There are 2 protein chains.
Amino acid sequence: MWHIEPEKGPIYAQIAAEVKRMLARGELRPGEKLPSARALAEEARVNPNTVVHAYAELEREGITETRRGLGTFVREDVDVEAIRRRELEAAARGYLRAVLALGLGPDAAAKVLSEVSVDAG
Amino acid sequence: MWHIEPEKGPIYAQIAAEVKRMLARGELRPGEKLPSARALAEEARVNPNTVVHAYAELEREGITETRRGLGTFVREDVDVEAIRRRELEAAARGYLRAVLALGLGPDAAAKVLSEVSVDAG
DNA sequence: CCGAGTGTACTATAACGCTAGTACACTATG
DNA sequence: CATAGTGTACTAGCGTTATAGTACACTCGG
């Protein structure tokens, strides 16, 4: 679950993104407690400071709240659907931008998308 | 043309990617000379060393060749279509992976793609 | 031969992300 | 009160990326 790829950008950002994805998938719900910074750091083989950084980022975005001595929790009032939509559209825009930058159009974007698979190759 | 966004990953990687995109779009052809490191550095408001780094990366990938005292050139034998295809599929796979990570399927990926536009929002 | 343009090779500095380690404050539970 | 679990706040060091500056080697054209 908490597997980190050091090659793909800042670790703290990956952790924050994974939390958002878990919310979008329903594996994490409003009000639920996230793993403690120390626990998640150990599980993901990462420095506790890095997890703290990730949690701070999530709090900055209004997704979590931190209760000193208690832990970090998903806020009760998060709009999960909005988060999913936002992440989804950001990914789609990024893809579309990349395709246009290659001099091709939305049609090509859709076509290639239907042809690829996620595994290597 | 050579506008760099410091927020989006290593500058040298952005420069290398832009060269590949120009190849894919036909704005740069096999045998053509790239701007000198110093010239491109000035135009992109970037350090010459950074451009050298980018060109070295392109050479490592077999896309360019460097002739000392002359400049850096696109190799005559580059397969432009292969580069375009590779970049395109990499983008598509990245998008698809992101959508699947959100707990949705290829159908949703296609649907959202058809709805978004590249400009903000 | 000379000069301009080019790539190459260094040194040094700085910011950022990450790691490592330590100490302290707060909360709940026994 | 004592303890365990938690968040918070530091200091220090490392590697990568980028900047700045300098010097040198090569190629071409005049």
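To find a chain, count down the sequence lines: A is the first, B the second, and so on, and within it residues start at 1. A quick note: this is a predicted structure, and the numbers were derived from the prediction, not measured.
The side chain of Thr72(B) lies closest to dG7(C) when the candidates are dG7(C), dA28(C), dA25(C). Nearest to the side chain of Asn49(A), among dA9(D), dT8(C), dT19(D), sits dA9(D). When the nucleotides dT8(C), dT6(C), dT19(C) are ranked by their closest atom to the side chain of Arg68(B), dT8(C) comes out on top.
Phosphate contact (OP1/OP2 of dG5(C), side-chain N/O of Ser36(B), threshold under 4.0 Å): absent. Regarding contacts with the backbone of dT19(D), a side-chain N or O of Thr50(B) is found under 4.0 angstrom from either OP1 or OP2. Note on Tyr55(B): every side-chain N or O is 4.0 Å or more away from OP1 and OP2 of dG7(C).
At whole-Å resolution of the value, CD in Glu57(B) and C1' in dG7(C) are 18 Å apart. Between Glu59(A) atom CD and dT8(D) atom C1' there is a gap of 12 Å when expressed in whole angstrom units. Taking atom CD of Glu65(B) as the reference point, atom P of dC26(D) lies 19 Å away to the nearest angstrom. Distance Glu42(A) CD to dG5(D) P: 12 Å, rounded to the nearest Å. What separates NE2 of His53(B) from P of dA18(D) is a distance of 8 Å, to the nearest Å. In this structure, the CD1 atom of Ile11(B) is 18 Å from the P atom of dT16(D), given to the nearest Å. A straight line from CZ of Arg67(B) to C1' of dT6(C) spans 12 Å, rounded to a whole angstrom. Whole-Å rounding puts the Phe73(B) CZ to dC26(D) P distance at 18 Å.
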**Request:** Starting from the C-alpha separation in whole Å, work towards a yes-or-no answer on salt bridge (charged side-chain N to carboxylate O under 4.0 Å, His left out) for Arg85(A) and Glu81(A).
**Result:** CA-CA 6 Å; Arg85(A) 189 76 196 172; Glu81(A) 183 52 42; 5.8 Å; no
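Val51(B) places a side-chain heavy atom less than 4.5 Å from the side chain of Val46(B).
The environment of Lys33(B) atom NZ is dense: over 12 non-hydrogen atoms of other residues, nucleotides or ligands sit within 6.0 angstrom.
When each of Asn47(A) and Leu70(A) is assigned the nucleotide of DNA chain C with its nearest heavy atom, Asn47(A) is the one assigned upstream, toward the 5' end. Mapping Pro48(B) and Arg38(B) onto DNA chain D by nearest heavy atom places Pro48(B) closer to the 5' end of the strand.
Taking every heavy atom of both residues into account, Ala41(A) and Asn47(A) meet most closely at CB-C, 3.9 Å.
Put simply, OG1 on Thr72(A) and CD on Glu32(A) are 13.5 Å apart, with the number rounded to the nearest 0.5 Å.
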